[in-house]
Amino acid sequence: MEEYIDTCIRILAVALLAELCVRIFRYGHEILFYSNYYDVDGGAKYWQVARRCFSLNIPTIVFILLFVFGALIRFAMAKEFVLPPLKWLAFMPLYWLLVWVGLSFSHLDYANFVRQSHGLDYAEGMASNYFHGYLKLTLPSHTGHPGLKERIEQYEAKEHVEFAVKRLIILVPNTMFINSKIESRILTKDGPLETVVKNRAGVERPFKNDVYRFTVPINGTYYYVAVEGATPMLSFFEAMSYHPSTTWQMKEMKREILLKFYKHLKKLLKEWPPTEDEAELVLYNAYQNDGRPQDVGDVLLSHITNMWNEHRR
């Protein structure tokens with residue numbers, strides 16, 4: 001048993017030493033060929049490269065701690081180091097080969113990358129651009145510009161109507177495709193809310209929010225809603241469908257990208273106090289189980305009813 005433990009510790013020691021050599025090589029490679037990718041100079045640049053090359057994730061840290069802990073216990077028991085023989089170092093090139101060819105790689109690696117919270121993936125990028133370039137500008141009130149709730153209240157007072165929810169409802173279908181006009185047997189398009197004009201990068205940009213009316217009464221009232229589709233998802237759908245440069249990884253990970261977009265946008269809306277209660281994301285299946293298209297009006301009606309029921313609890 002002791003010999004088996006010693007062998008395991010030696011194997012791990014060789015693997016860790018090989019990994020250290022790989023990181024040192026990558027550090028030198030980065031300094032020689034990619035130093036212009038860093039916007040700092042002098043010692044700060046070398047430190048930034050080192051942070052990237054020698055950074056560790058939690059599983060790696062746990063692995064190293066377990067190795068060190070096990071080696072120390074074994075040393076305390078045997079009163080001698082269980083270092084690997086020099087001939088074992090001949091196996092280090094095999095480890096480097098496995099790293100180089102990516103033997104452990106699978107498409108799940110792409111999915112795990114998208115799922116992680118780092119802001120570097122396509123999904124979080126779309127959600128951030130949508131939030132900071134549109135929702136953050138139009139939903140809350142700013143100096144001289146009424147927010148969404150104020151514009152809804154103005155619309156109610158002017159048209160003598162009532163909105164089901166005083167929020168912007170953003171549709172996120174699982175197909176990511178949304179028609180230019182939202183069609184439903186129980187919804188009809190009405191006039192838009194007051195247009196908001198914002199200066200964005202030196203350009204006066206108008207922002208509009210469309211209003212739809214339920215054609216069936218809910219508790220005796222024909223309610224109105226401010227609703228629109230998530231435009232970044234439509235752009236992503238079009239990119240996957242028509243653009244020749246779209247990678248197969250994007251197509252395979254479209255479900256992961258959709259869910260990450262939804263979760264990250266929801267997080268951004270909630271964490272920014274002025275937008276916390278200004279928008280409602282509705283993620284839904286565009287088709288029913290029998291393959292028939294899902295009626296958007298039915299989806300909205302069900303979602304609004306659930307919101308009301310939760311509010312009453």
Side-chain angles (χ1 to χ4, degrees), residues 114-157 161-174 176 178 182 190-212 223-236 257-284 296 299-300 302-311 313:
V114 174
R115 293 168 187 167
Q116 294 171 6
S117 180
H118 41 61
L120 300 177
D121 60 279
Y122 198 66
E124 285 198 7
M126 287 192 295
S128 296
N129 288 337
Y130 187 49
F131 175 76
H132 292 289
Y134 170 53
L135 298 178
K136 190 177 177 181
L137 299 175
T138 61
L139 293 181
S141 58
H142 299 274
T143 304
H145 299 283
L148 180 82
K149 287 184 178 178
E150 289 85 354
R151 287 182 283 133
I152 286 179
E153 290 172 353
Q154 292 173 4
Y155 193 99
E156 288 179 326
V161 298
E162 184 176 356
F163 277 66
V165 290
K166 290 182 174 59
R167 298 179 184 179
L168 176 64
I169 299 179
I170 302 174
L171 302 174
V172 188
N174 66 330
M176 295 174 284
I178 303 170
I182 297 173
D190 209 79
L193 297 178
E194 178 186 341
T195 301
V196 174
V197 179
K198 293 279 187 176
N199 187 294
R200 193 67 172 165
V203 179
E204 296 291 334
R205 298 185 181 275
F207 296 95
K208 296 182 179 181
N209 299 112
D210 285 335
V211 174
Y212 287 79
Y223 284 101
Y224 287 66
V225 287
V227 59
E228 63 185 50
T231 51
M233 288 290 94
L234 178 59
S235 299
F236 181 55
I257 293 173
L258 169 74
L259 295 178
K260 184 64 173 293
F261 170 86
Y262 170 79
K263 292 178 181 178
H264 190 62
L265 181 57
K266 197 170 185 177
K267 177 183 177 183
L268 291 174
L269 287 166
K270 185 176 181 180
E271 290 183 349
W272 182 250
T275 62
E276 184 178 4
D277 296 316
E278 301 292 333
E280 187 75 20
L281 299 181
V282 180
L283 179 66
Y284 66 97
V296 177
V299 173
L300 286 177
S302 176
H303 186 84
I304 291 170
T305 302
N306 291 335
M307 287 180 58
W308 287 349
N309 291 337
E310 291 178 2
H311 183 72
R313 293 173 184 173

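Just so you know, residue 1 is the first one in the sequence shown, and it goes up from there.
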Does [X] have any side chain to side chain contact (heavy atoms under 4.5 Å, CB included) partners at least two apart in sequence or in another chain, and if so, which?
{"X": "Thr231", "answer": "Tyr130"}
{"X": "Pro146", "answer": "Glu150, Arg151, Gln154, Glu194"}
{"X": "Asp210", "answer": "Lys189, Pro192, Tyr212"}

Once you round to the nearest 0.5 Å, how far does [atom1] of [X] lie from [atom2] of [Y]?
{"X": "Glu280", "Y": "Ile304", "atom1": "CD", "atom2": "CD1", "value": "9.0 Å"}
{"X": "Glu278", "Y": "Lys166", "atom1": "CD", "atom2": "NZ", "value": "12.0 Å"}
{"X": "Arg167", "Y": "Leu148", "atom1": "CZ", "atom2": "CG", "value": "10.5 Å"}
{"X": "Thr275", "Y": "Leu265", "atom1": "OG1", "atom2": "CG", "value": "9.0 Å"}
{"X": "Glu156", "Y": "Leu193", "atom1": "CD", "atom2": "CG", "value": "10.0 Å"}

What are the two closest heavy atoms between [X] and [Y], and how far apart are they?
{"X": "Phe261", "Y": "Pro232", "answer": "CE1-CB, 3.9 Å"}
{"X": "Ala127", "Y": "His264", "answer": "CB-CD2, 3.8 Å"}
{"X": "Ile178", "Y": "Ala230", "answer": "CD1-N, 3.5 Å"}
{"X": "Thr195", "Y": "Pro206", "answer": "CG2-CB, 3.8 Å"}
{"X": "Phe207", "Y": "Lys198", "answer": "CE1-CB, 3.7 Å"}
{"X": "Lys208", "Y": "Tyr134", "answer": "O-OH, 3.9 Å"}

Are Ile152 and Asn209 close enough, and set up right, to give a side-chain contact (heavy atoms from CB on, under 4.5 Å), and what steps lead you there? CA-CA 10 Å; Ile152 286 179; Asn209 299 112; over 6 Å; no
Got more than 12 heavy atoms from elsewhere within 6.0 Å of NZ, Lys263?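 At most 12 heavy atoms, drawn from other residues, nucleotides or ligands, come within 6.0 Å of this atom.
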If you count the non-hydrogen atoms of other residues, nucleotides and ligands that lie under 6.0 Å from NZ in Lys136, is the total more than 12?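 Enclosed: over 12 neighbouring heavy atoms sit under 6.0 Å from NZ of Lys136.
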Once the angle between the rings of Tyr224 and Phe163 is folded into 0 to 90°, is it parallel (under 30°), tilted (30 to 60°) or perpendicular (over 60°)?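 Ring orientation, 0 to 90° scale: tilted.
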Decide yes or no for [X] and [Y]: does some side-chain heavy atom of the first lie under 4.5 Å from some side-chain heavy atom of the second?
{"X": "Ile170", "Y": "Leu135", "result": "yes"}
{"X": "Val296", "Y": "Tyr284", "result": "yes"}
{"X": "Val196", "Y": "Leu137", "result": "no"}
{"X": "Leu269", "Y": "Leu139", "result": "yes"}
{"X": "Ile169", "Y": "His303", "result": "no"}

Could you go step by step and tell me if Ile257 and Met176 meet the side-chain contact (heavy atoms from CB on, under 4.5 Å) rule? CA-CA 10 Å; Ile257 293 173; Met176 295 174 284; 5.9 Å; no
